[in-house]
Amino acid sequence: MSNFLILGLGLFAQGLFAARFIVQLLKSEKENKVVSPALFWQLSLIASFLLILYGFFRNDIVIVGGQLVGYLIYIRNLQIKGEWKILPLFIRSSAYLLPALLLLFLVFGLDYNWEKLMDNPEIESLLLTWGTIGQVIFTSRFVIQWLYSERINESAFPVSFWYISIVGAIIISVYAIFRKDAVLFIGQSFGLIVYFRNLYLNYQFSFRKSMSLFVKFKPYRFQAVMIFTAMVLFFNLGSWGVTESSEARYAQIPKEMLESGDYLHPTLMGIYHYHKPPITYWITAASYKIFGISAWSARVFLQISILLQIWLVYKLWGLIFGDKDSAFYASMLYASFPTVIISGRALTTDGYLALFILTGIYCWFLYIKKEKRRYLLLFYLMLGLGFLTKGPVVLIVAVVLLISQKIFLKLKSGNGWFHLTGILLFLGIGLSWFVFLFIEDRQFLDYFLFKHTVERFASDTFKRSQPFWFYIPIVIGTAFPWILIIAFQAKKVWNEKNKNLLPFLIWVFVPLIFFSISKSKLVLYILPVYPGIALAAAAIWLGLKAETQKKWDRVLFYFHLLILIGLAISPLIDPKIVLNYKFYFILIVTASVLISVRAIPMKVRDRTVFNAYIFIMGITAASTYFFTNNAGLANDQKNIAEFIQKELPQKENIIVYDKRLPSMSFLTDKNIISLYDGSEDLNRETQFEKNENWKKNLINLKEEQDWLLEKLPPSSVLMVKKSRLTKGTVAFPKEDFKNQTEMDGWVLFY
């Protein structure tokens with residue numbers, strides 16, 4: 001049997017084991033006491049059989065021995081609960097016969113190595129003993145549970161069951177670490193949370209009535225979401241390198257700032273690069289200073305930025321609607337938007353811009369509510385920092401929101417002198433860097449005002465032109481179904497003149513129209529509209545009738561399953577995609593949670609929001625393994641850089657044909673020479689250079705066609721995109737490059 005199918009069995013079994021405890025825990029929470037639901041034992045039985053298969057094919061007696069004992073106990077619990085007889089005779093007979101038939105088949109039908117099963121040379125004797133002890137302890141819990149249930153004639157969990165579970169899970173987790181078995185480790189680690197929670201339920205005082213799960217966790221549910229979100233955001237954050245082209249660019253510039261000590265004149269691979277104001281570079285350089293230079297440290301403050309945005313959405317709800325209890329829904333919705341998560345997966349300016357805009361809006365609402373001038377000044381301060389992050393785009397959402405409030409809420413703006421002070425503060429901070437450069441060189445006025453503002457909006461100067469409708473499918477797909485719920489209720493909100501909601505509808509739709517008109521379009525440009533979507537959607541969602549909520553809940557559930565299935569079969573669609581068993585395990589656990597939550601009594605309004613959040617958290621965690629195993633598809637040069645650093649340490653130069661690869665500058669200590677042969681990627685803006693030193697590292701092959709043949713520096717590695725190599729456009733001295741290696745879509749000559 002192939003390793004892929006064996007791992008699939010183990011992953012699916014562990015997914016079912018995870019699902020059974022999710023069902024058990026959630027039903028226990030509902031009842032305010034530890035319960036033993038029939039579904040727990042049904043899932044256990046199926047998972048146990050699959051894990052028996054997994055253990056046999058892995059030649060691991062620790063797994064096989066434990067599951068054979070548990071299998072019959074699961075059946076007995078179903079009998080005690082009266083659920084076993086309900087099943088058709090065929091299923092009951094098969095449940096007894098299949099393990100026996102499997103054993104007979106292995107003995108007589110296969111050349112099975114029973115000696116290896118009992119004495120596996122892949123597992124050291126000490127480790128095998130340790131794992132066996134852990135499995136014996138872990139298995140004994142169900143023996144104790146069975147004896148306890150027989151004594152009271154009821155399927156139930158004694159308190160000792162949870163203590164034994166904790167001890168056994170810890171031992172087996174250690175075993176899994178040394179065995180390098182992620183299937184075992186992740187399953188046992190997840191179980192520890194359930195075991196400790198059930199212990200708490202055993203000892204807490206019983207409440208008189210059942211409550212909504214979200215209400216029950218009301219005192220600490222937001223904190224729990226923040227902690228769990230942080231864990232997911234930082235999970236495997238540095239396991240892949242900086243990706244081309246945007247992230248590598250934004251990561252390399254602060255590295256060069258740190259090396260040169262010049263924080264006012266950004267350079268990219270030795271050439272001045274003034275495309276964006278410097279706040280993002282400064283934050284990243286500070287991270288490098290604290291944590292060292294790495295892909296992880298380039299992204300770390302972005303994750304903090306996302307967490308702060310979630311917190312700000314939570315606080316904004318309380319200010320606007322005065323109902324802190326419902327703020328949780330808005331913050332959870334915001335955390336469930338893929339675009340928000342994407343803004344932290346790769347370093348760009350958009351995540352920080354969204355933070356400054358959202359902080360500014362929060363300060364504005366504080367000013368409206370408390371009428372304290374310091375909040376007004378903080379509002380303008382945040383706009384200034386946003387301007388210093390990405391320029392005039394910071395004003396779009398803020399201005400739209402303020403105008404809509406003026407129209408619909410008839411808000412008074414306050415003392416004009418304080419607004420004037422705030423505007424001066426905004427201009428002083430926002431324009432400081434631009435003015436400094438203008439004083440140095442007058443051509444910066446035309447560069448910033450026209451090329452990077454007017455031309456970026458009105459023309460395809462930066463090759464990012466998209467059709468007008470580009471953002472419609474983007475926002476539907478990344479805010480599904482919430483943006484549709486808003487759209488379908490928009491007319492009702494307008495007719496009812498809902499003064500609280502109308503400004504948020506304008507917050508969502510007016511900027512979307514603005515960005516749609518613009519010629520330059522990227523997905524993250526619309527990131528600032530998502531807080532408005534979260535706030536408006538949560539308010540509308542909580543006001544919908546239960547029947548309507550149920551319909552949307554079903555739609556979202558099938559949408560999630562469709563995406564999970566699509567991700568699972570993606571290697572069949574594109575053979576270049578590589579997905580390991582860890583990726584599949586997280587997908588299975590995510591699907592298990594989504595399905596399990598539907599199997600317990602839970603308010604639909606809670607379940608839908610909870611599932612939206614869990615889905616995106618699962619996808620986020622799984623995506624880290626996609627990035628790690630698909631460097632070529634992710635435009636990540638980490639493997640190539642590691643190969644050159646380890647296998648070719650004597651090479652001093654990396655020559656890159658017709659591509660700008662700042663990631664190679666970031667990941668290696670080599671001298672990078674770019675060869676221009678028509679690629680727009682290498683049309684660098686050199687008008688600000690004070691000398692021609694940059695020409696040493698940017699060679700124009702249109703002007704020097706024989707450079708590779710005549711001026712090739714010694715001790716070099718040549719990198720050529722495989723797709724370009726097949727076109728026969730590269731002429732180089734083959735005697736200088738006797739070896740070649742293909743890696744992640746590139747061919748290395750050395």
For the pair [X] (side chain) and [Y] (backbone), establish whether a donor and an acceptor sit closer than 3.5 Å, ignoring hydrogens and angles.
| X | Y | value |
| --- | --- | --- |
| T339 | T478 | no |
| R92 | L87 | yes |
| Y329 | R605 | no |
| E742 | V747 | no |
| K659 | M719 | no |
| R221 | F328 | no |
| T243 | D636 | no |
| S48 | L45 | no |

Inset, instruction - Specify whether W41 and F142 have parallel, tilted or perpendicular ring planes, treating 30° as the upper limit for parallel and 60° as the lower limit for perpendicular. - result: perpendicular
Legend entry - Aromatic plane relationship, W541 with W482 - under 30° parallel, 30 to 60° tilted, over 60° perpendicular: perpendicular
[atom2] on [Y] to [atom1] on [X], rounded to 0.5 Å:
| X | Y | atom1 | atom2 | result |
| --- | --- | --- | --- | --- |
| L567 | I619 | CG | CD1 | 5.0 Å |
| S44 | L51 | OG | CG | 11.5 Å |
| I586 | S592 | CD1 | OG | 12.5 Å |
| L556 | Q549 | CG | CD | 12.5 Å |
| T624 | N629 | OG1 | CG | 9.5 Å |
| Q42 | L39 | CD | CG | 5.5 Å |

Legend entry - Greater than 12 external heavy atoms within 6.0 Å of K638's NZ: yes
Legend entry - Neighbour count above 12 (heavy atom, 6.0 Å) for F12 CZ: no
Legend entry - D350 and L522: CA distance, side-chain angles, deciding distance, side-chain contact (heavy atoms from CB on, under 4.5 Å) verdict: CA-CA 10 Å; D350 300 284; L522 288 178; over 6 Å; no
Legend entry - Donor-acceptor pair between R345 and Q303 side chains, under 3.5 angstrom: yes
Inset, instruction - Compute whether any side-chain donor of one residue and acceptor of the other, for S239 and T628, lie under 3.5 angstrom apart. - result: yes
Do you know which two heavy atoms are closest between [X] and [Y], and how far apart they sit?
| X | Y | value |
| --- | --- | --- |
| L16 | A47 | CB-CB, 3.6 Å |
| Q637 | S663 | CG-OG, 3.0 Å |
| L544 | T548 | CD1-CG2, 4.2 Å |
| A538 | L333 | N-CD1, 3.8 Å |
| T590 | G618 | OG1-CA, 3.3 Å |
| V23 | L43 | CG2-CD1, 4.4 Å |

Legend entry - Stepwise ring-ring contact (aromatic ring centres under 6.0 Å, His included) test for F21 and F40: CA-CA 7 Å; F21 273 112; F40 174 90; 5.1 Å; yes
Side chain to side chain, [X] and [Y], heavy atoms closer than 4.5 Å:
| X | Y | value |
| --- | --- | --- |
| V508 | I483 | yes |
| N236 | F627 | no |
| T608 | F557 | no |
| W746 | K721 | yes |
| Q24 | P37 | yes |
| E642 | L667 | no |
| Y525 | F470 | no |
| I342 | F337 | no |

Legend entry - Worked check of side-chain contact (heavy atoms from CB on, under 4.5 Å) between I588 and L564: CA-CA 9 Å; I588 290 170; L564 290 173; over 6 Å; no
Inset, instruction - Could you walk me through whether T229 and M226 pass the side-chain contact (heavy atoms from CB on, under 4.5 Å) test, one step at a time? - result: CA-CA 5 Å; T229 304; M226 290 293 284; 5.8 Å; no
Show every donor-acceptor pair shorter than 3.5 Å between a side-chain atom in residues 573-580 and any protein atom, with sequence neighbours excluded, or say none if there are none.
residue	atom	partner	partner atom	Å
D574	OD1	K576	N	3.0
N580	OD1	K582	N	3.3
N580	OD1	F583	N	3.0

Inset, instruction - Please identify each residue that fulfils salt bridge (charged side-chain N to carboxylate O under 4.0 Å, His left out) with D553, with sequence neighbours left out. - result: R598, R607
Legend entry - For Q309, the option from Y334, Y314, Y530 that meets side-chain hydrogen bond (donor to acceptor under 3.5 Å, both in side chains): Y334
Legend entry - Partner of F559 under ring pair (Phe, Tyr, Trp, His ring centres under 6.0 Å), chosen from W552, F480, F615: F480
Inset, instruction - Report the C-alpha distance between I540 and F488 in whole Å, list the side-chain angles of each, state the deciding distance to 0.1 Å, and finish with yes or no for side-chain contact (heavy atoms from CB on, under 4.5 Å). - result: CA-CA 10 Å; I540 292 172; F488 291 154; over 6 Å; no
